[in-house]
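Note sheet for the following structure.
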Amino acid sequence: MTQEKRNLHKAPPDGGWGWMIVIGCFFVTVCTRAVTRCISIFFVEFQSYFAQDYARTAWIHSIVDCSTMLCAPIGSYVSNHFSCQVGIILGGVLASTGLVLSSFATSLEYLYLTLGVLTGLGFALCYSPAIAMVGKYFEKRKALAYGIAMSGSGIGTFILAPVVQLLIEQFSWRGALLILGGFVSNLCVCGALMRPITLKEDSLHYPLKQEQMENEPTQSGRLDSSCSPLCQDCSHKRLCYCTKKEYSFLLKPKFMVLAVSFLFLAYGCSPPFVYLVPYALNVGVSNQEAAFLMSILGIIDIVGNITFGWVTDTRFLKKHRYCCYLIAVGLDGLCCLFLPILTRFQLLVPFSVMFGYFDGAYVALIPVVTGDVVGTSSLSSALGVVFFLHAVPYLVSPPIAGWLVDTTGDYTAAFLLSGFSMIFCAVLLALAKIINRIKKKPKAVAVPTSDIKQEIWTNGDVSCANAINQKEV
């Protein structure tokens, strides 16, 4: 009880232990998203060892991404009803176990289960709770904090891509997966850093004091005041009510549009990461140069994370984060449209730079834009839903792209479909923004007075006009 009172804050502290949370989230993204990206480096090894086509091999990466996103609500549930620390530590154990077991694989189906489902589930328990914790500790510098935290994906890719390639050459793909399993176990350390914090906004939904729960009436109209984030403090009926209120943001029109856009975004962003290395090898680039392309993409991803986060925290752009987000998504899709005509290493480097920058830019803004729509108190649950929506596109997009490669004999159709999907996401968000602005335009209301007839713009507030009339009288 004393601990809970001490950690109750009226507003996010915007610093202090929050920077340790940012560091912890940074390493969580390294161990989850960067490792997931580096699985594409194993693509050619798996394909040649198991003698399978592009489509079947691509299912490995798809299942990892799908499991991570599909199980994101489970991560949010564990974080909300137990603690973020429990979720991340448990996720680290599962993910590490999955990678270690994958090193003993005897078939692709074995990898689907261990590297795909088990490792993906572990990543899911870590990823969304860690990101939500950053949003609880920061408000004024939220975009910058998220930019630093999410840059772990880029930095991790930059460092891990050549390291994984070197490990494969030295110890084979089995040894590389075994070493990655030990590396990912550091998620347990990251989980230990996630000190819980309770904001005043949260306490409006989940009062902390047991005395309040005992003294307050138990009528159905007051159920919201007796809900607790801990499942053991709620009866079955109250727990159902808490869950209903926790996910009430699903009915918001703005969130619905954002949710639909994520489906197209998730479909478009996955194939370039999966097929960049195989495409580079197909056009004659060496193994080391192909891995270096992933490193370039990763390091520029960091620049996009931090610079876009810092810029959108400035006074001028803070109100326009939504527009900055959709511009970054649209330009990322445009980069994919040009990829099929880039057939040399010297031309693929600029693609890695541009695609990596805008990918880092919009990834840093996803939790910020989501938080602006649903509020801080619902951010953890909302991120669980957001990542859940990424699941099916992540699952089907690499195999569809692989099927297009097998059918057409080149990568053009796969990359064009990816690019147009991301552009459509940006267009959808832009149309929703325009329609929302049109609906908010003020209406003119003519208000006559005893002496002079005036037209007063009140935006529909008649009481304002009456107050002016009384003052004049």
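The side-chain heavy atoms of T114 and T119, taken from C-beta on, include no pair separated by under 4.5 Å. Two residues are said to be in side-chain contact when any heavy atoms from C-beta on lie closer than 4.5 Å; T68 and T32 fail this criterion. Residues M354 and L331 are not in side-chain contact: their nearest non-hydrogen atoms beyond the backbone lie 4.5 Å or more apart. You'll find the side chain of V277 reaches within 4.5 Å of the side chain of L281, heavy atoms only. Side chains of C188 and V93 form a contact here, defined as non-hydrogen atoms less than 4.5 Å apart. Two residues are said to be in side-chain contact when any heavy atoms from C-beta on lie closer than 4.5 Å; F43 and Q47 meet this criterion. Residues P129 and M194 are not in side-chain contact: their nearest non-hydrogen atoms beyond the backbone lie 4.5 Å or more apart. With a 4.5 Å cut-off on side-chain heavy atoms, V386 and F255 count as touching.
Under the rule for a side-chain hydrogen bond (donor to acceptor under 3.5 Å, both in side chains), E45 has no partner lying at least two apart in sequence or in another chain.
From D359, atom CG reaches atom CE of M150 across 9.5 Å, with rounding to the nearest 0.5 Å. Between the CD1 atom in I435 and the CG atom in L431 there is a gap of 6.0 Å [rounded to 0.5 Å]. One finds the SG atom of C425 at 4.5 Å from the CG atom of L265 (value rounded to the nearest 0.5 Å). For the atom pair OG1 of T370 and CG of L365, the computed distance is 10.0 Å after rounding to the nearest 0.5 Å. Atoms CD1 and CG, from I74 and L121 in turn, are 6.0 Å apart once rounded to the nearest 0.5 Å. Here the straight-line distance linking atom CG of L160 with atom CD1 of I155 works out to 11.0 Å at 0.5 Å rounding.
Judged by distance alone, with hydrogens and angles left aside, the side-chain atoms of H61 form a donor-acceptor pair with the main-chain N or O of T36 at under 3.5 Å. Of the possible polar contacts, one joining the S102 side chain to the L115 backbone as a donor-acceptor pair under 3.5 Å is found. A donor-acceptor distance shorter than 3.5 angstrom exists from the side chain of S261 to the backbone of L258, with no hydrogens or angles considered. The closest donor-acceptor contact from the side chain of S103 to the backbone of A176 lies at 3.5 Å or more, if one exists at all. Remark: side-chain polar atoms of T29 are paired, donor with acceptor, to backbone N or O of F26 under 3.5 angstrom.
Taking the six-membered ring for Trp and the full ring otherwise, Y267 and F424 have centroids separated by 6.0 Å or more.
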Test side chain to side chain contact (heavy atoms under 4.5 Å, CB included) applied to C25 and I131, step by step: CA-CA 6 Å; C25 186; I131 293 173; 4.1 Å; yes

From CA spacing to verdict: side chain to side chain donor-acceptor pair (under 3.5 Å), R174, Y49: CA-CA 11 Å; R174 295 185 185 275; Y49 185 86; 3.0 Å; yes

Evaluation steps, side chain to side chain donor-acceptor pair (under 3.5 Å), between S96 and S185: CA-CA 5 Å; S96 179; S185 64; 4.7 Å; no

Worked verdict on Y279 versus F351 for ring pair (Phe, Tyr, Trp, His ring centres under 6.0 Å): CA-CA 13 Å; Y279 172 72; F351 166 81; 8.6 Å; no

Verdict with reasoning, F415 to F420, per side chain to side chain contact (heavy atoms under 4.5 Å, CB included): CA-CA 9 Å; F415 290 138; F420 282 123; over 6 Å; no

CA sep, side-chain torsions, deciding dist, call: L337, I423, side chain to side chain contact (heavy atoms under 4.5 Å, CB included): CA-CA 10 Å; L337 299 183; I423 291 173; 3.6 Å; yes

Test side chain to side chain contact (heavy atoms under 4.5 Å, CB included) applied to I148 and W19, step by step: CA-CA 10 Å; I148 296 172; W19 294 115; 4.2 Å; yes

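Atom CZ of F388 is surrounded by 12 or fewer heavy atoms from other residues, nucleotides or ligands within 6.0 Å. The number of heavy atoms from other shown groups lying within 6.0 Å of CZ (F338) does not exceed 12. With a 6.0 Å radius and a threshold of 12 heavy atoms from other residues, nucleotides or ligands, K433 has its NZ atom above the threshold.
For G191 against I89, the heavy-atom pair with the smallest separation is CA-CG1, 4.2 Å. For the residue pair L342 and L348, the shortest heavy atom distance occurs at O-CD2, 3.7 Å. Of all heavy-atom pairs spanning Q85 and A192, the tightest one is NE2-O, 3.5 Å. Annotation for Y275 and A401: closest pair CE1-CB, 3.6 Å, computed over non-hydrogen atoms. Heavy-atom minimum distance, A382 versus V374: CB-CG2, 3.6 Å. Taking every heavy atom of both residues into account, Y146 and A364 meet most closely at CB-O, 3.7 Å.
Cation-pi check for R33 over Y127 is met; the charged atom lies under 6.0 angstrom from the ring centroid and within 45 degrees of its normal.
Between D65 and R37 there is no salt bridge, since none of the side-chain N atoms of the basic residue sits less than 4.0 Å from a carboxylate O of the acidic one. The pair R56-D406 does not meet the salt-bridge criterion, since no charged nitrogen lies less than 4.0 angstrom from a carboxylate oxygen.
Using cut-offs of 30° and 60° for the angle between ring planes, the Y362 and Y325 rings count as perpendicular.
Side-chain polar atoms of Q170 and Q165 form no donor-acceptor pair below 3.5 angstrom. Checked by atom type, the side-chain pair T307/Y357 shows a donor-acceptor distance below 3.5 Å.
In summary, of the residues considered (F46, F42, F104), a ring pair (Phe, Tyr, Trp, His ring centres under 6.0 Å) with W173 occurs for F46 alone.
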